[in-house]
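Scroll down for the structure; my scribbles are underneath it.
All values below come from the heavy atoms of this structure, side chains included, with hydrogens, waters and symmetry mates left out. This is a predicted model, so every value here is computed, not measured. Position 1 is the first residue of the sequence, and the numbers go up from there.
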Amino acid sequence: MAKSSGRVTLPAEKGMEREILQLAQKWGIDAVRDSDGTQLSTEIVSMGFEVYSTLCLIREDNEWAKANRECLQQIYLMSQAVIAFENRIEIDIMKGYYREQFEIDTLHKPADWWEVTDRTTGETVDNAKWLFDSNTGKVILADAVKWHRYTVTFLAYQIWEPVSMYNHKTNNWKEEHRLPVDPRHPQARKHLLEVLEHWLEAHPQTGIVRFTTFFYNFDLIYNENGKERQVDWFGYLSCVSPLAIQQFEKEYGYRLTPEDFADKGYYNSPFKVPDRKYLDWMDFNQRFIAGFAKECVDMVHKAGKKAIMFLGDHWAGIEPYGKYFGEIGLDAVVGAAGDGVTTRMISDIPVKATEARFYPYFFPDVFHEGGDPVKESLEVWRKSRRALLRKPTDRMGYGGYLSLVAGFKDFVDHIADVCDEFRAIHDRTKSTKPYSAKFKVAVLNAWGVCRSWMTHQVAHSLWNQRCYSYLGILEALSGLPFEVEFISFDDIRNNGISRDTGVIINAGDAGTAWSGGEHWKDEKIVSAVREWVYGGGGFIGVGEPTACEYNGAFFQLSDVLGVQKEAGFSVSSNKPSFSINDSHFITADIREPMDYGEGMNSVYRYCESAEILAVNNLSCSLAANTYGRGRAVYMAGLPFSMQNTRMLSRAIFWSSGREAEMQIWFSENSEVECSAYPGAGCYAAANSSFERQKTTIVKADGEKHIVELAPLECKWFEI
């Protein structure tokens with residue numbers, strides 16, 4: 001039986017009534033919800049729990065969608081490139097795409113809305129030189145330039161709503177394909193409001209309406225074999241339609257082209273520095289979506305219910321850190337949490353309440369014979385708990401299908417402990433803030449606040465190669481004793497650097513939005529950062545920070561960082577020699593071989609003041625430099641580990657010139673972290689390893705306390 005109760009939402013389903021009552025006792029649940037494809041029985045909704053009901057408006061009425069196919073959501077897709085071996089070529093534009101997901105738009109004239117591009121020259125092919133054969137689905141060029149490469153960017157209708165499709169494939173459903181409706185069309189918008197009104201009337205016992213999320217899904221594109229081809233959790237491709245483009249042109253005074261969306265096949269990935277057109281497109285959609293979402297939320301409130309949104313599906317345009325989010329009037333946000341980064345992404349949202357839906361979901365990809373959901377949950381919990389100790393969500397829960405959990409008794413027992421630990425954080429801290437250093441840490445990139453806790457993610461809680469070496473920075477920060485903010489280059493241009501900022505972190509590959517690309521050509525940026533560091537600020541660069549080949553330099557702030565990267569143009573110049581300092585403050589807790597992920601090559605000592613702390617393959621992997629009254633640190637990469645977390649913490653305190661302050665509420669063992677809550681008169685020692693640990697906690701007054709902890713154990717003490 002749960003030692004405490006409340007703050008936990010359970011995915012329930014008809015036929016599991018007895019199990020729900022058992023889990024109410026064991027997990028301490030106080031709310032139930034349905035999932036995509038499940039129903040709550042009358043008995044379940046009468047059990048006295050708070051009832052969440054899931055609603056995805058744009059796929060709610062499939063019959064109306066089938067009868068009004070011109071109102072389906074659309075998307076711009078770019079065909080596979082074709083080499084012209086002859087002057088006449090044919091391009092099968094749907095080759096490589098899932099034909100159950102997309103259907104070529106033949107309602108709008110291709111010559112008006114498509115583009116054929118010579119990718120060898122970058123020029124758009126004149127419309128008179130190509131035609132589309134609707135019978136074969138091919139674009140024909142009769143006068144192509146031999147040996148050139150061609151693509152077609154075309155409009156398609158989405159004929160299977162992508163999240164429903166994902167759930168079908170993951171859970172092997174055989175139900176009818178759901179069609180997504182585009183609320184840009186006035187008749188679709190009117191119908192969706194009518195659907196919502198009728199839905200509210202039909203769910204009198206629902207206390208909380210959980211929108212999943214609102215209208216347009218992130219970019220989820222499947223290949224011809226029905227496998228994920230492209231996932232961009234931040235994409236806006238589903239917002240596209242001829243109507244939207246026309247409305248945009250009327251408002252902004254210029255017309256977006258197919259290439260503005262296809263973007264040479266990059267589709268405006270968040271890893272690219274956004275141009276003005278794409279930022280305008282985002283703002284245009286955010287205002288429309290937030291406005292319509294507010295209408296829906298107001299209707300829910302009028303019906304006497306609360307309105308919450310899921311941070312995930314159909315969240316394009318509902319940027320929780322964006323300019324218009326606060327106007328919607330939501331009561332809460334619930335999101336899937338798979339690590340500390342996504343947990344903080346949820347808990348830091350400026351909304352009345354937040355809820356983390358922890359992985360693993362109760363899906364058959366995990367809950368199957370031979371599956372080990374406890375192992376997956378432990379890995380998630382050890383990371384998420386670090387973030388919760390810094391900024392807890394108000395509630396927690398799980399997603400998926402409860403029937404799959406039957407037979408996993410060890411998992412049921414494990415989650416009972418997780419629920420109690422989650423509630424203990426609230427009970428112990430009494431909503432007070434944890435101790436933090438006296439300065440802020442600012443993460444600088446091209447996106448700033450709108451991508452808070454969202455850098456280097458390909459999809460929710462997922463990353464690819466070239467990401468994990470940077471995502472570890474945020475994972476480490478999610479549980480460290482610092483106030484973290486996300487700033488953009490425009491913030492520095494317009495407002496300078498905040499006085500309460502102690503350290504700026506710039507991390508990413510050269511040319512990406514995260515490193516900054518050509519923003520580093522702006523003399524206002526480089527001068528402002530130089531002046532700030534010289535005056536006493538701290539700067540940490542990871543990977544290829546401040547990188548942009550310009551005026552004979554690759555790292556534009558090599559003088560600040562103390563290191564430079566050889567881009568291949570000055571290999572004939574001898575590089576300064578150096579010796580390795582293996583006893584620096586930053587590396588004091590290193591016990592195991594250091595891990596810089598993929599790392600970097602050809603980084604060399606640039607300034608005599610720079611101390612080289614680690615080298616790999618003759619390239620500097622870790623360096624520290626003094627610059628005026630300020631300091632800077634360079635790292636080749638920082639995957640998440642507790643050792644790397646400690647190294648980052650030391651780098652932050654050292655670069656800010658506040659080394660002594662690190663010993664306040666400090667754990668001498670880097671596998672254990674201390675979180676203190678002076679306002680509540682308590683502190684926690686949390687073991688983030690899978691082994692027993694012993695540590696000494698140094699309190700704020702210098703008193704020391706020895707603590708022993710079982711694997712992943714968290715102990716609470718009075719100050």
Side-chain angles (χ1 to χ4, degrees), residues 8 27 335-347 356-361 366 371-393 396-399 408 410-426 428-429 434 453 457 460-463 468 471-482 484 589 591-592 595 597 638-649 667-675 683-695 697 707-716:
V8 179
W27 292 1
D339 50 24
V341 176
T342 45
T343 300
R344 284 296 295 272
M345 183 196 309
I346 299 163
S347 65
R357 187 150 299 153
F358 293 119
Y359 285 112
Y361 271 33
V366 175
D372 193 351
V374 172
K375 180 180 179 181
E376 294 208 21
S377 177
L378 285 171
E379 184 61 34
V380 170
W381 182 243
R382 83 180 186 96
K383 294 179 180 178
S384 292
R385 186 179 63 186
R386 296 183 63 247
L388 293 169
L389 287 166
R390 288 296 305 163
K391 181 70 177 294
T393 56
M396 63 163 283
Y398 289 89
F408 290 89
D410 56 343
F411 178 77
V412 172
D413 293 340
H414 159 67
I415 297 303
D417 294 335
V418 169
C419 292
D420 283 335
E421 272 202 83
F422 179 85
R423 286 185 287 260
I425 294 173
H426 286 274
R428 295 278 190 168
T429 63
W453 299 105
Q457 290 192 52
H460 195 77
S461 295
L462 300 175
W463 39 260
Y468 82 100
L471 191 59
I473 300 164
L474 294 192
E475 191 63 49
L477 286 173
S478 71
L480 286 174
F482 304 109
V484 181
D589 287 325
R591 300 292 180 265
E592 301 294 331
D595 180 9
L638 195 83
F640 175 72
S641 69
M642 293 309 297
Q643 179 170 269
N644 276 0
T645 296
R646 176 57 62 86
M647 187 168 71
L648 178 63
S649 180
S667 167
E668 293 183 353
N669 182 343
S670 61
E671 297 292 339
V672 177
E673 291 178 297
C674 179
S675 299
Y683 66 94
N687 179 5
S688 292
S689 79
F690 294 104
E691 299 176 354
R692 179 173 291 275
Q693 299 290 342
K694 182 178 181 180
T695 189
I697 301 295
V707 178
E708 293 191 31
L709 298 162
L712 290 183
E713 185 180 12
C714 179
K715 285 185 178 179
W716 292 87

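Proximity of L480 to E673: side-chain heavy atoms (C-beta onward) are separated by under 4.5 Å at one or more points. Side-chain atoms of E421 and D417, non-hydrogen and from C-beta on, never get closer than 4.5 Å to each other. In this structure, the side chains of F482 and L648 stay at 4.5 Å or more apart for every pair of heavy atoms. Residues L378 and L712 form a side-chain contact, since some pair of their non-hydrogen atoms from C-beta on lies under 4.5 Å apart. Under the 4.5 Å side-chain criterion, counting only non-hydrogen atoms from C-beta, R382 is in contact with F690. You'll find the side chain of E379 stays beyond 4.5 Å of the side chain of Y359, heavy atoms only. Residues T342 and Q457 are in side-chain contact: their nearest non-hydrogen atoms beyond the backbone lie under 4.5 Å apart. In this structure the side chain of S478 reaches within 4.5 angstrom of the side chain of W453, judged on heavy atoms.
Taking the side chain to side chain donor-acceptor pair (under 3.5 Å) definition, one finds that S670 meets it with nothing, sequence neighbours left out. By the salt bridge (charged side-chain N to carboxylate O under 4.0 Å, His left out) test, R428 is found to be paired with no residue, residues two or more places apart in sequence or in another chain being considered. Every residue meeting the salt bridge (charged side-chain N to carboxylate O under 4.0 Å, His left out) condition with D589, not counting sequence neighbours, appears here in chain and number order: R646, R650. A search for salt bridge (charged side-chain N to carboxylate O under 4.0 Å, His left out) contacts involving E475 returns nothing, not counting sequence neighbours. E376 is linked by a salt bridge (charged side-chain N to carboxylate O under 4.0 Å, His left out) to nothing, counting only residues two or more places apart in sequence or in another chain. Partners of N644 by side chain to side chain donor-acceptor pair (under 3.5 Å), not counting sequence neighbours: none found.
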Going through the distances and angles, do T393 and S347 end up as a side chain to side chain donor-acceptor pair (under 3.5 Å)?
CA-CA 5 Å; T393 56; S347 65; over 6 Å; no

L477 and R344: side-chain contact (heavy atoms from CB on, under 4.5 Å), yes or no, with the steps?
CA-CA 10 Å; L477 286 173; R344 284 296 295 272; over 6 Å; no

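For the atom pair CD of Q643 and CD of E671, the computed distance is 8.0 Å after rounding to the nearest 0.5 Å. Distance CG/D372 to CG/D410: 7.0 Å, rounded to 0.5 Å. Residue L638 holds its CG atom at 5.5 Å from CD1 of I473, rounded to the nearest 0.5 Å.
Surrounding NZ of K375 are at most 12 heavy atoms belonging to other residues, nucleotides or ligands under 6.0 Å away.
The nearest pair of heavy atoms linking S667 to T695 is OG-OG1, 2.8 Å. The two residues V672 and L709 come nearest to each other via the heavy atoms CG1-CD1, 3.7 Å. Across all their heavy atoms, A336 and Y361 have their closest contact at CB-OH, 3.6 Å. Closest of all the heavy-atom pairs between I346 and A356 is CD1-CA, 4.4 Å. Pairing each heavy atom of A337 with each of V380, the nearest pair is O-CG1, 3.7 Å. Considering all non-hydrogen atoms of both residues, M642 and F640 come closest at SD-CZ, 3.9 Å.
Judged by distance alone, the side chain of R357 and the main-chain N or O of M396 form no donor-acceptor pair under 3.5 Å. Here the side chain of S377 pairs no donor or acceptor atom with the backbone of P373 at under 3.5 angstrom. For K383 (side chain) and S688 (main-chain N/O), no donor-acceptor pair under 3.5 Å exists by modelled atom type. A donor-acceptor contact shorter than 3.5 Å links the side chain of N687 to the backbone of E691.
None of K694, Q693, R591 except one satisfies the side chain to side chain donor-acceptor pair (under 3.5 Å) rule with N669; the exception is Q693.
Ring centroids of Y683 and W716 are separated by 6.0 Å or more, keeping the two rings apart.
Between W27 and Y398, the angle of the ring planes lies from 30° to 60°, which puts this pair in the tilted group.
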